[in-house]
There are 4 protein chains.
Amino acid sequence: MGEAKTPDASRRSERSRQAILKAVVEQVGEVGYTRLTIEAVAARAGVGKQTIYRWWPTKGALVLDAFLALLGEPAALPDTGDVARDLKVVMRATLVELVNPRFELPSRALTAETQMDPALAKQFVDALMRPNLEATKARLRVAQRAGQVAEGVDLDVAVELLFGPVYHRWLLRTAPLTERYADTVVDYVLAALRPPGPPGSAG
Amino acid sequence: MGEAKTPDASRRSERSRQAILKAVVEQVGEVGYTRLTIEAVAARAGVGKQTIYRWWPTKGALVLDAFLALLGEPAALPDTGDVARDLKVVMRATLVELVNPRFELPSRALTAETQMDPALAKQFVDALMRPNLEATKARLRVAQRAGQVAEGVDLDVAVELLFGPVYHRWLLRTAPLTERYADTVVDYVLAALRPPGPPGSAG
Amino acid sequence: MGEAKTPDASRRSERSRQAILKAVVEQVGEVGYTRLTIEAVAARAGVGKQTIYRWWPTKGALVLDAFLALLGEPAALPDTGDVARDLKVVMRATLVELVNPRFELPSRALTAETQMDPALAKQFVDALMRPNLEATKARLRVAQRAGQVAEGVDLDVAVELLFGPVYHRWLLRTAPLTERYADTVVDYVLAALRPPGPPGSAG
Amino acid sequence: MGEAKTPDASRRSERSRQAILKAVVEQVGEVGYTRLTIEAVAARAGVGKQTIYRWWPTKGALVLDAFLALLGEPAALPDTGDVARDLKVVMRATLVELVNPRFELPSRALTAETQMDPALAKQFVDALMRPNLEATKARLRVAQRAGQVAEGVDLDVAVELLFGPVYHRWLLRTAPLTERYADTVVDYVLAALRPPGPPGSAG
DNA sequence: ACCTAAACGAGACGGTACGTCATGTCTTTTT
DNA sequence: AAAAAGACATGACGTACCGTCTCGTTTAGGT
């Protein structure tokens, strides 16, 4: 029929795939995303250009894949019973990653690219952001059940209250991203989410 | 001698400048930022390429200029005495602009571009974001003096608590940007910033 | 050991061979020799590319084979006793073939290709030209024995005198190839070859 | 209108043109016509590919131009009063050129290419063959007026009788191209063209 | 009838070149 | 002196084929 002919993944060369992803990571590190070319990646990976075009639709998808391969499993979110402490752990971890020179460039590149390419955006968010956000949400749900967060709070909003300010500062570079900043944000947000206490319960 | 030859701005053709900025806006609207080319802009504006290269250093700077010309003066922030109501006005205005199809594409494009180009980023933030942020900060300062915001609050952080979540949702497209959302964010943030009340003042 | 592994012709698939030659003929007819690709031939014939590379060394050889399969046996040269008439029959037949649209394209393609590939040239001449030339030479030998052609004439040269002009016109397209032209050439050449007659025999 | 935009020849870089033609000649000499690539020519000439594509429509046209630049003016045909001698001079000259290693490769390449490209063929014939053929025809006309060639002879045909056999042998490589062969052809052809003499005038 | 080695279809692969597009620089001509 | 026009060297694009190389899958002989 009219279907586009899809390559046969079972015949795919794992060797080439690895070489390509490695080349992408190196190349992004050296010349940045904008000046990264498929041609250079192919050359560095010792691979035909077609092999790249066969398996990745765009430069963005390629870099996303390379970045995913670079990242390990996301650190699990702890539950010590102390919401503030636990949330500060995630926020600091997020922040450390955003600031890590190894990840910063590709992160910015992908963030930029996703602004222009919604399909890539979905992949990007699902693969890299969602897990973190969901884990945080889960932790907040526990806190909510424990009465540390008000019952009526929409946890999706809560998560955005936490991450939003950090990304805002990272994106706009309006001020340095410090762990102190992350902690402050957590404290403010938890204050906002706290259930209305009985008289005298507010610290 | 070794000085870079700077063009003489007094001889600049206003006619060409206007035509170029107009062409850029149209072009971005039609093919998006990525596929916008200097060549096409020059052709559409009936202008030599050199005229563009003479006055703008990069594509990003060109689009930024075009975008600035497109925007009017930012709406002034009201002071009705009701902080919540006033902040909701700004936040809603911000949001409406982010969602306006006429501005969304260039905004995303510039946001993307600034990730890769810190010099452009500074211009972008100073020209487009800072005024809004500063106005908001000023309003919060008034509130702080009026005792509606706790004394110890760092107002720069406060501003980020407000705008961060909105931009987060806009950038990641995790959920629709509604005025209700803006209002909710304002309410939460003000709750967090509220000064510790006397027993019984909460709720 | 170092022997090149030769394919076992006894196991060759006649079905594939036919399909390939058919595909070649069709393909040459549709897109011409230059734009004929092994890939397209394989696809059209429903055959793996390797099957073509296994049995034919070059595109030229492949097309030559396809062309040979297309051609029937060469018409035998008559001997009516009248040299002029007999030669005109061959020359006209040659000409008809050169002008036949079914054969013209591949003929030109092969003629072209042989200019660049002497090995193919030999095959081409031996298979397609030589028989005709030899038959003509044989007829001239008979004529020579019959005293219609001078004794000293080198018959190889005689044959070239006949065919040369016709091919010249075909190759250079300097004028249309008509049967009248073929006849004229035969007449002139026979005049040149005629033995020196006794006084009064000329005319 | 719908006209294709033609480059402005007055701005053409003579420097680049020369470098390109030189590179083509060298490249053809080294790797032959088939393996000559635009890319390699551009690289060797220190020129952008586009500069080649801007001024020449096909590889064939490019090589033809290069070949024309290589050739000097064609030697003028002498008129000593002795037709046979004069014609032998042209034929030998033709032959020498065909056999000259410097010219043979490009000549064969162009002859081949013209088989597939009638437009190029016209240029090729007009520029390289026609002058020679016309000169020969002119000489024959003189001979005809002098009564050395029969009145009724179509001189275009006569020219083909002369050149056809030589090209035939060159193209098919059926036998070595010698000056003796050229002379023989001239003698036969003149014999064929001779006017019917009075008794005793032959020999 | 079974076994085994080949030829086979399919198609991924490393390459090379294609012809096009846009870059930023340069030069020529016009205003 | 700036501007319109556009040729230029450069370099990447994405595509088309090349000829080689696996992959299973037929398909013939040889047993």
Side-chain angles (χ1 to χ4, degrees), chain A residues 5-13 15-16 19 35-43 45-55 57-59, chain B residues 5 7-13 15-17 19 35-43 45-55 57-59, chain C residues 5-13 15-17 19 35-43 45-55 57-59, chain D residues 5 7-13 15-16 19 35-43 45-55 57-59:
Chain A
K5 137 176 77 177
T6 329
D8 180 349
S10 75
R11 306 208 150 200
R12 182 165 187 182
S13 159
R15 204 178 170 291
S16 294
R35 281 197 292 275
L36 173 140
T37 66
I38 300 289
E39 206 129 81
V41 170
V47 138
K49 279 199 286 176
Q50 203 59 29
T51 301
I52 299 181
Y53 285 112
R54 185 155 31 232
W55 301 110
T58 62
K59 196 168 96 167
Chain B
K5 155 176 59 177
D8 177 349
S10 75
R11 306 201 140 221
R12 181 167 188 182
S13 158
R15 202 178 171 291
S16 294
R17 190 178 152 272
R35 282 197 290 275
L36 173 143
T37 66
I38 301 291
E39 206 123 88
V41 169
V47 138
K49 281 198 289 175
Q50 202 56 254
T51 303
I52 299 180
Y53 285 113
R54 184 154 31 232
W55 300 110
T58 64
K59 195 168 99 170
Chain C
K5 152 174 62 177
T6 326
D8 178 348
S10 77
R11 310 201 127 202
R12 180 166 189 182
S13 159
R15 201 177 171 290
S16 294
R17 190 178 152 271
R35 280 197 292 273
L36 173 142
T37 67
I38 302 290
E39 207 125 85
V41 169
V47 139
K49 280 200 287 176
Q50 202 58 257
T51 303
I52 299 180
Y53 285 113
R54 183 150 38 228
W55 301 110
T58 63
K59 193 167 100 168
Chain D
K5 137 178 76 178
D8 179 348
S10 75
R11 307 206 145 199
R12 181 166 190 180
S13 159
R15 204 179 170 289
S16 295
R35 280 196 292 275
L36 172 142
T37 67
I38 301 289
E39 207 128 81
V41 170
V47 138
K49 278 199 287 177
Q50 204 62 14
T51 301
I52 299 180
Y53 285 113
R54 184 153 33 232
W55 301 109
T58 62
K59 195 168 97 169

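Numbers restart at 1 for each chain; the letters A, B, ... are given by sequence-line order, proteins then strands. Nothing here was measured: the structure is a model prediction, and the numbers come from that model.
Along DNA chain F, the nucleotide nearest P57(C) and the nucleotide nearest A45(D) are compared for position; the residue whose nucleotide lies closer to the 5' end is A45(D). Nearest-nucleotide positions on DNA chain F place A9(D) closer to the 5' end than the other of A40(C) and A9(D). Mapped onto DNA chain E by nearest heavy atom, R15(C) and R15(A) fall at different nucleotides, with R15(C) at the one closer to the 5' end.
Counting non-hydrogen atoms of neighbouring residues, nucleotides and ligands closer than 6.0 angstrom, the CZ atom of R15(C) reaches no more than 12 such neighbours.
In this structure, the side-chain contact (heavy atoms from CB on, under 4.5 Å) partners of R11(A), at least two apart in sequence or on a different chain, are D8(A). With sequence neighbours excluded, the residues forming a side-chain contact (heavy atoms from CB on, under 4.5 Å) with A45(A) are A19(A), I20(A), A23(A), V47(A), listed by chain and number. Residues satisfying the side-chain contact (heavy atoms from CB on, under 4.5 Å) test with R12(D), not counting sequence neighbours, are R17(D), W55(D), W56(D). Residues passing the side-chain contact (heavy atoms from CB on, under 4.5 Å) test with R35(A) are V31(A), sequence neighbours excluded. The side-chain hydrogen bond (donor to acceptor under 3.5 Å, both in side chains) check on S16(D) picks up S13(D), with sequence neighbours excluded. Among residues two or more places apart in sequence or in another chain, the salt bridge (Lys or Arg N to Asp or Glu O under 4.0 Å) test is passed with K49(C) by E39(C).
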### Summary
Contact string for nucleotides 26-31 of chain F, one letter per nucleotide 5' to 3', B = base within protein heavy-atom range under 4.0 Å, S = sugar-phosphate only, - = neither, reads --B---
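Counting all heavy atoms, side chain and backbone alike, A42(D) lies closest to G48(D) at CB-C, 4.2 Å.
In this model, the phosphate group of dC13(E) is approached by a side-chain N or O of W55(A) to a distance below 4.0 Å at OP1 or OP2. An OP1 or OP2 oxygen of dA4(F) is reached within less than 4.0 angstrom by a side-chain nitrogen or oxygen of T51(B). Within the 4.0 Å cut-off from OP1 or OP2 of dA7(E), not a single side-chain nitrogen or oxygen of S16(C) is found.
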Please list each protein N or O that sits under 3.5 Å from an N or O in nucleotides 20-22 of chain E, with the distance.
from: dC21(E); atom 1: N4; to: Q50(D); atom 2: OE1; distance (Å): 3.3

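A straight line from CD1 of I52(C) to P of dC8(E) spans 11 Å, rounded to a whole angstrom.
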